[in-house]
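Below, read A as the first sequence line, B as the second, and so on, with proteins coming before strands; counting in each chain starts at 1.
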2 protein chains.
Amino acid sequence: MPSRSPAEKIRATLPKVPKVPVVSRRAQYSASTKRALVDEALKLFTDQGYAATSLDAIVTAARVTKGALYHHFTGKQAVFEAVFEQIEADASAQIRTALKKSKDPWDKALIGLRAFLQIVQDASYQRVVIQEGPAVLGYERFREQEERSSYGLVQEMVRLVLEDSAYDLSEDMLETFSRIFFGAMSAAGESVSTAANPKVAVAQVETAIAFILAGLRSLAESGVALPDPEDLLPDDEDDE
Amino acid sequence: MPSRSPAEKIRATLPKVPKVPVVSRRAQYSASTKRALVDEALKLFTDQGYAATSLDAIVTAARVTKGALYHHFTGKQAVFEAVFEQIEADASAQIRTALKKSKDPWDKALIGLRAFLQIVQDASYQRVVIQEGPAVLGYERFREQEERSSYGLVQEMVRLVLEDSAYDLSEDMLETFSRIFFGAMSAAGESVSTAANPKVAVAQVETAIAFILAGLRSLAESGVALPDPEDLLPDDEDDE
DNA sequence: TCTGAGTACGTACCAACGGTATGTGAATGA
DNA sequence: TCATTCACATACCGTTGGTACGTACTCAGA
C-alpha cells in the first residue's frame, strides 16, 4: 500500500487541536466525518433526490468510504433522517426566533406564517422535508419528526389563537384544527416555493390566510359558538 | 418444451369471445394482461409500498413475466402511474357524482368534503396517492395529475364559493385560495385516515371546516373586502 | 390456404446499488 | 509497551430494475 487511505488525507487538512482532550481527538475526527457525510448527503439529496443519490456518491463527496458511512449510520435511510432532522431543527429555530417578536396570538400566527413562508423557499427544505420526507421515512416516522418541530409550532399557535377566542375545545378538536391549519400552511408554502415570483406569492398567501383568520376572529367576536362534532354522528352504537 | 408458457394458461381460463372482432382477440388479450398487471400492482403497492414491491412480485402475481410488463409499460414508474391514474379517476368520479346532489356553492363544498373524506379512508388512495404519489412520480408529474382530478375539483368549488360571496378576485388569488384549501382538505383527509375512530374524526373535521367556511361567509355577508395583496409588497421595483 | 410481418410476450443476462463481513491502523488506557 | 477499542477501509454478495434477443401466435393479404 503506497498511498494512505483518503480519510487520513482529510485529517491532515483539519485544524490540529492540541487542547486538553475534553473530547478526544478520535471523537473529534469521528464527529467531523459524520458531519461531512450529513453535509454532502444534504446537498446530494437536495438536488438529485433520495432515490437518485447513491451511497457511493455520498461517500465519495465526503471523501470517505462506505465503511465509514455504515459505521455512523445504520443505512441509507438513517442518513436521510439525519439530514431531515438537521433541516427541521434549523427551520424550527428560525421560526421560534421570529415568534418572539410579538405577544398577541393572532399576531404571532401571522409572524409564524411569514417565517415559515421564508423557510419553505429553501430548496433543501422543499426537497427533503416536504417532498421526500413522508415517503422515505414512512408516514409514521415522518409525523413523529414533524410533531417535534414545525407541526408542534403550528399546534402551539392554534391553541393560543383559539384560547384567545375563548373557545374551550377538546384536545381532539384542537388537534383537528391544528392538522387542518398545518395542511393549509404546507400548501401555502408549496405554492410559494413553486411560484415564478416568490415575493408576490408570499403576499398573496399572507392575504389569503389573514383573511381566513379574520373570518374566524369575526365569528369569535360575534359570539358564534363552535358546534359540537357529536351532533354529526349518527346515533348508532356499534362502532369499530 | 413440455409445458407452455404461463401466459397461455391464463388465456385458457379467459372467456372465449367468438364475436365479430371489432377489437381483435390479440387486442383483448393485450388489454386483459395490462389490466391484470395494473390490478395486481395496485394491490401490492397498497400493502407493501412502491419500493418494497419488486417487478418480479408484480409479474408473478399477474402470472406473466417481465417481458410482458416491459411491453406495456416503459418501467416500474409507468406501472405506478397507471395505478395512480386509475385510483384518482375512480375517486374523482365518485366525488363528482356526490356533487350533483346540490346546487348551492356552500352546500356543494361541504358535500364534496364529505365525499373526499370517505375516499381518503381507502387504503389504496392513502398509500398510492397521498403517501407515495409525490415521491414516486416526482412533484411535477404529481401535480399535473392532481390538477386533472382532486385539485381541479377543489378549485372549481372555491371559485363557486368565492363568486357567490361576490368577491371578484384575480386568477392568481383564486389559485392561492384553492391551494390553501386543498392543503387543508388533504390534511383533513390524512387526519381521518390515520384516526383510531374514523367516524368521529370525520365529524370533527367537518365541524372544523364548516366553521372556517362560516367565518368566510360571515365576512362576505358583512361586506368585508378582501385586501389587495399588492399592499404587502415592498415598493422596490427590482424583481427577479 | 399459405405466407410474411408485426405483435405480445418469454428468457437470459447485466450493471448498479444497498448492505455485510472482515481486515487494519491509529488512538487510548493500563 | 502492549492490549484493546474505535473509526474507518476493502472486498464481496444478493437483489433489483432494466435490456437484448428469441419465439410463438395472430392477422391481413395474395
Determine whether a donor-acceptor pair (N or O, by modelled atom type, separation under 3.5 Å) exists between the side chain of K76(B) and the backbone of T53(B).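 Here the side-chain-to-backbone pair exists.
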Atom [atom1] of [X] and atom [atom2] of [N]: how far apart are they, to the nearest Å?
X	N	atom1	atom2	result
I58(B)	dG18(D)	CD1	C1'	14 Å
Q48(B)	dT16(D)	CD	C1'	14 Å
L55(B)	dT19(D)	CG	P	11 Å
Y70(A)	dT22(C)	OH	C1'	16 Å
K66(B)	dT15(D)	NZ	P	13 Å
L69(B)	dA12(C)	CG	C1'	17 Å
K34(A)	dC8(D)	NZ	C1'	14 Å
R63(B)	dG10(C)	CZ	C1'	16 Å

For E81(B) and Q145(B), test the side chains for any donor-to-acceptor distance below 3.5 angstrom and give the result as yes or no.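 On atom types as modelled, these side chains qualify, holding a pair under 3.5 Å.
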With distance as the sole criterion, is a donor-acceptor pair present between the side chains of S178(B) and Q155(B) under 3.5 Å?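 No, Q155(B) and S178(B) have no side-chain donor paired with an acceptor closer than 3.5 Å.
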Ignoring the backbone of H71(B), work out which of dT20(C), dG17(D), dA8(C) is nearest its side chain.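 Comparing dT20(C), dG17(D), dA8(C) against the side chain of H71(B), the answer is dA8(C).
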Please pick, from dG10(C), dT10(D), dG18(C), the nucleotide with the shortest atom-to-atom distance to any side-chain atom of S54(A).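 Per side-chain heavy atoms of S54(A), the pick is dG18(C).
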Does R159(A) pair with E175(A) as a salt bridge, N-O distance under 4.0 Å?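 Salt bridge: no.
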Answer yes or no: is there an ion pair linking E156(A) with R96(A), defined by an N-O contact shorter than 4.0 Å?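 Judged by the 4.0 Å cut-off on N to carboxylate O distance, E156(A) and R96(A) do form a salt bridge.
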At less than 4.0 Å, is any side-chain N or O atom of H72(A) found next to OP1 or OP2 of dC8(D)? Yes or no.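 Yes, because at least one side-chain N or O of H72(A) sits under 4.0 Å from OP1 or OP2 of dC8(D).
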Phosphate oxygens OP1/OP2 of dA7(D): is one of them under 4.0 Å from a side-chain N or O of T33(A)?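 Result: no.
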Taking the nucleotide of DNA chain C with the nearest heavy atom to each, does A68(B) or D56(A) sit closer to the 5' end?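 The 5'-side residue here is A68(B).
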Any base atoms under 4.0 Å from T74(B), or only sugar-phosphate, or nothing? Heavy atoms, all strands.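 Since no nucleic acid heavy atom lies under 4.0 Å of T74(B), the category is nothing.
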